[in-house]
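Per chain, numbering begins at 1; letters A, B, ... match sequence-line order. Keep in mind that this is a model prediction, so the values were computed, not measured.
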Number of protein chains: 2
Amino acid sequence: MARFPLPPGSTIGVLGGGQLGWMLALAASRLGLNTAVLDPDPACSASRVAVRTVTADYADPEGLAALAQACDVVTFEFENVPAAAVEQLAALKVQVAPGARALAVAQDRLEEKTFLNGVHAPTVAFRGASSAAEAAEAAAELGAPCLMKTRREGYDGKGQRWVEHASQAAAAFEALGSRPVILEAPADFVRELSVIAARSRSGEIACFPLGENHHENGVLRRTHAPAAAAPPLVEQAQQIAARILSALDYVGVMGVELFELKDGRLLVNEIAPRVHNSGHWTLDGCEVDQFEQHVRAIAGWPLGPTAALARTEMTNLLGSEVDDWKKLAADPDARLWLYGKGEPRPGRKMGHVNRLQPLKD
Amino acid sequence: MARFPLPPGSTIGVLGGGQLGWMLALAASRLGLNTAVLDPDPACSASRVAVRTVTADYADPEGLAALAQACDVVTFEFENVPAAAVEQLAALKVQVAPGARALAVAQDRLEEKTFLNGVHAPTVAFRGASSAAEAAEAAAELGAPCLMKTRREGYDGKGQRWVEHASQAAAAFEALGSRPVILEAPADFVRELSVIAARSRSGEIACFPLGENHHENGVLRRTHAPAAAAPPLVEQAQQIAARILSALDYVGVMGVELFELKDGRLLVNEIAPRVHNSGHWTLDGCEVDQFEQHVRAIAGWPLGPTAALARTEMTNLLGSEVDDWKKLAADPDARLWLYGKGEPRPGRKMGHVNRLQPLKD
C-alpha cells in the first residue's frame with residue numbers, strides 16, 4: 001500500500017478521462033505528480049496530459065489491474081463507477097479516494113437523501129418506490145406536483161419526470177423504465193448555490209466560497225463566485241458540507257449542491273463525490289483550485305487555502321459554442337479552458353470561460 | 001504551412017523538454033492545443049504532459065523530421081538550438097517561432113550587443129576578440145577590470161572570467177578555451193530587473209510588469225514582481241523591449257534582462273528569446289502567464305492581458321531544496337511548481353515557489 005503523503009514522482013490514477021480527469025492531471029503535474037487515466041476512449045481529454053492511458057471499460061478487470069499497477073492512489077471523475085471496480089482495486093491493495101461508501105451513497109438518490117437527513121443535512125421531503133403501485137402511493141403521501149427520478153444513473157436532467165397529479169405516478173414510473181425511483185417534493189427555492197468542500201486524510205476540512213449556479217435545460221450554464229451571501233448563510237452551507245464529509249470519512253473534493261429557500265434555510269439538492277463543474281471558477285479565481293485541492297487531499301498532502309482572489313463568473317461552452325474560440329481568444333477578460341474534445345455535439349461540455357472582477361469590499 | 005490562428009486541436013512542437021517546455025505544454029493544453037516535444041532524455045519533464053515525445057538529439061535529422069510531421073508550429077525552450085535544426089525545420093515548411101534571426105542574435109554575445117546598440121537598446125561598452133593578442137588589446141582599450149565571456153554558449157555564470165588587469169587578458173582568453181570572446185565593461189548597477197515581453201504575429205506587443213531579480217552564484221534565486229519602479233522607468237524598459245522585438249520581427253515571449261544604473265538609466269544585460277525564469281511569477285501573479293502568452297503568440301492568437309493580480313515573490317528550488325516539499329506543501333502561502341525531475345543535483349532547478357501578497361496601491 002502507498003505511504004502518505006505521496007512524494008513528487010508518484011502517480012495518481014483517474015477513472016474517467018473527460019475534462020475533470022484532464023484538469024486533475026494538469027493540477028497533479030504542477031505538484032510533480034504524474035497521472036494515469038483509464039477511459040474507454042483512447043482520445044479522451046485527459047490522455048493528452050497523462051503519462052499513461054489505459055483504454056478499457058470501467059469494469060474491465062485487466063484494465064483496472066493495469067491502472068492499479070501504475071498508480072499509488074486511484075480517484076474518479078464521475079460517481080457512477082461500478083462497485084465491482086472499486087472492490088477490485090481494493091483487492092489489489094490500491095487506495096481509492098473518495099472511498100466506496102461515498103460512491104455507494106452518491107450512486108443511489110434514495111440512499112443519498114436518507115444518509116443526508118441522517119447527518120442533519122436537510123433535503124426536500126422524499127419517498128422511495130419500487131413498483132407502479134408504490135409510486136402511486138408515494139405520490140399520494142408526498143402530494144403532487146412532485147419530481148420522480150430513477151434512484152440510479154441519470155444526470156443533467158436525464159432520467160426524471162414531473163408528476164403533476166398523483167394519478168400520473170404509475171405511468172411516470174413505467175415511462176422511467178419501471179426501475180426503482182425516488183419521488184421528491186418540489187423545492188420552493190430562490191436560488192441554487194453550491195459549496196466545493198475538501199477533506200484531507202487527516203480530517204482537515206476546507207470550503208471554497210459559495211458559488212451561485214444558473215442552469216439551462218438541466219445543464220449548468222453559469223456560476224458566480226463568491227456568491228453574494230451573508231456570513232450566517234455561508235456558515236450554514238459550510239457546516240452542512242462538513243457534516244457530510246466527516247460522516248463519510250471522506251477524502252477529496254466534493255460538490256454539494258444547495259437550494260436556498262425564501263426563509264434563508266438551505267436544503268441539499270445532491271452531492272457529487274468528485275470535483276464539480278460549479279467549482280471551475282476556482283481555476284482562475286483562487287490561489288489553489290479545486291483540482292489541486294483534490295489532488296492534495298487524495299495524495300495525503302495538507303489542504304491549500306480556499307479564499308477567492310477575485311469575483312469570478314464561469315460560463316460553460318456547450319456544443320458549437322466552442323466554435324467562438326477566436327472571439328473568446330481576443331477577449332482580454334476571458335480566461336479560456338478548452339477541453340480538447342473532438343465532436344461539439346449539442347449540449348456537450350466543450351470548455352468554459354472564467355471572467356474575473358476585483359473583489360467587492 | 002500552417003494557417004494562423006491555429007485552431008484548438010493543433011499541435012505545438014517544443015525543442016527541449018525541461019521545465020520551460022513542460023510549462024509551455026501545460027499552457028497549451030488549457031487552450032485546447034497539444035504539445036509534442038523533442039528532447040534527448042525520454043524522461044524529460046515535458047514528456048509527462050506531451051501528447052508525443054520524440055527522443056533525439058537536437059540536431060538529429062530524423063528526430064526533427066518526426067517532430068515537424070507532428071506539429072503545426074515549432075518553438076524552443078533554450079536559445080542554443082543548432083542553426084542546422086532551424087534550417088531543416090524551415091526546409092520542411094514548419095514555422096519556427098521565434099525565428100532564425102532571434103536565435104542567431106541570442107546565440108552570440110558579440111552579435112547580440114552589436115544588434116542591441118543598433119536598435120538603441122543601450123548596453124555596457126564591449127569589445128570582441130578572437131585571439132590572445134586581440135583580447136589583450138581589447139582589455140587595454142576597454143579598461144580593466146572587465147568581464148570576458150565566450151561569444152557562444154555558457155549560461156548561469158559558466159564560460160566567463162573577470163580580467164582584473166589588462167595584462168591578464170591573454171591568459172584569461174586561453175583559460176576560456178581560446179575561443180572567440182567578448183569583453184564587457186563592468187556595469188555599476190543598483191539592481192537587476194527584467195521585462196518579459198511578447199509580440200504577436202500581427203505585431204502587437206505586450207509587456208508584463210518588471211521583475212526585480214536576485215542571483216546567487218550566477219543563478220537566479222528570487223524575483224519580486226511587480227518591481228517597485230516609477231512609471232518612467234517602466235516605460236523606459238518597455239520601450240527598449242519593444243524596439244528589440246520589433247527589430248527582430250519577433251513572435252513569442254522574450255526575457256530582457258536589464259541593469260538599472262544609479263542615474264536611472266537602463267542597460268540591457270542580455271536577451272533570452274524564450275520564456276524566462278524571471279517570468280515564472282506570472283504563473284500565479286497574472287491572469288495570463290508568460291507560457292500562455294508565448295503559446296498565444298506562436299499560435300497566431302491575440303496576446304492576453306499582462307497586469308499583475310498580486311505582488312509575487314518567486315523563489316527557485318535548487319538541488320536538494322526540493323526535498324523540503326513537505327514543508328512547502330504545508331505552507332498556505334506557497335504555490336508550488338515541481339518539475340518532476342529525477343536527480344536533485346546541486347544547483348539544478350527542481351521547482352519554484354510563488355508567494356502572493358495583495359497589490360500595493
Chemist: Measuring heavy-atom distances to chain A, does B:Ala330 have an atom under 4.5 Å in its side chain, in its backbone, in both, or in neither?
Modeler: both
Chemist: Applying side-chain contact (heavy atoms from CB on, under 4.5 Å), name anything that partners B:Asn354, two or more places apart in sequence or on another chain.
Modeler: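 B:Asn354 satisfies side-chain contact (heavy atoms from CB on, under 4.5 Å) with B:Trp281, B:Leu283, B:Asp284, B:Thr312, B:Met314, B:Arg335, B:Trp337, B:His352, B:Leu356 once adjacent residues are dropped.
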Chemist: Can you tell me if CD on B:Gln69 sees more than 12 non-hydrogen neighbours from other groups inside 6.0 Å?
Modeler: no
Chemist: What part of A:Lys326 is in contact with chain B, defined as an atom under 4.5 angstrom from a non-hydrogen atom: side chain, backbone, both or neither?
Modeler: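 Just its side chain gets close to chain B.
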Chemist: Tell me, out of B:Pro5, B:Gly351, B:Gly304, who's got the most heavy-atom pairs with chain A below 4.5 Å.
Modeler: B:Pro5
Chemist: If I measure from the heavy atoms of chain B, does A:Ala329 come under 4.5 Å with its side chain, its backbone, both, or neither?
Modeler: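 The answer is both parts of A:Ala329.
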Chemist: Who among A:Pro8, A:Ser45, A:Gly340 has the most heavy-atom pairs with chain B under 4.5 Å?
Modeler: A:Pro8
Chemist: For B:Leu309, which atoms come within 4.5 Å of any heavy atom of chain A: side chain, backbone, both, or neither?
Modeler: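 The side chain, not the backbone.
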Chemist: Chain A heavy atoms under 4.5 Å from B:Pro7: which part of the residue, side chain, backbone, both or neither?
Modeler: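 Both backbone and side chain.
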Chemist: Out of B:Ser29, B:Gly9, B:Pro302, return the one with the most heavy atom pairs under 4.5 angstrom to chain A.
Modeler: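 The option with the most such pairs is B:Ser29.
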Chemist: If you look at every heavy atom in B:Trp325 and A:Leu6, which pair is closest and at what distance?
Modeler: CH2-O, 3.5 Å
Chemist: Mind listing the closest non-hydrogen atom pair of B:Pro305 and A:Pro332 along with its distance?
Modeler: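 Nearest heavy atoms, B:Pro305 then A:Pro332: CG-O, 3.3 Å.
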Chemist: Exactly one of B:Val49, B:Leu26, B:Leu336, B:Leu338 should register a side-chain contact (heavy atoms from CB on, under 4.5 Å) with A:Arg30. Which one does?
Modeler: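 For A:Arg30, the side-chain contact (heavy atoms from CB on, under 4.5 Å) check succeeds only for B:Leu26.
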Chemist: Compare every heavy atom of A:Arg48 with every heavy atom of B:Leu33, then report the nearest pair and how far apart it is.
Modeler: O-NH2, 3.1 Å
Chemist: What part of B:Arg296 gets closer than 4.5 Å to chain A, counting heavy atoms only: side chain, backbone, both or neither?
Modeler: side chain
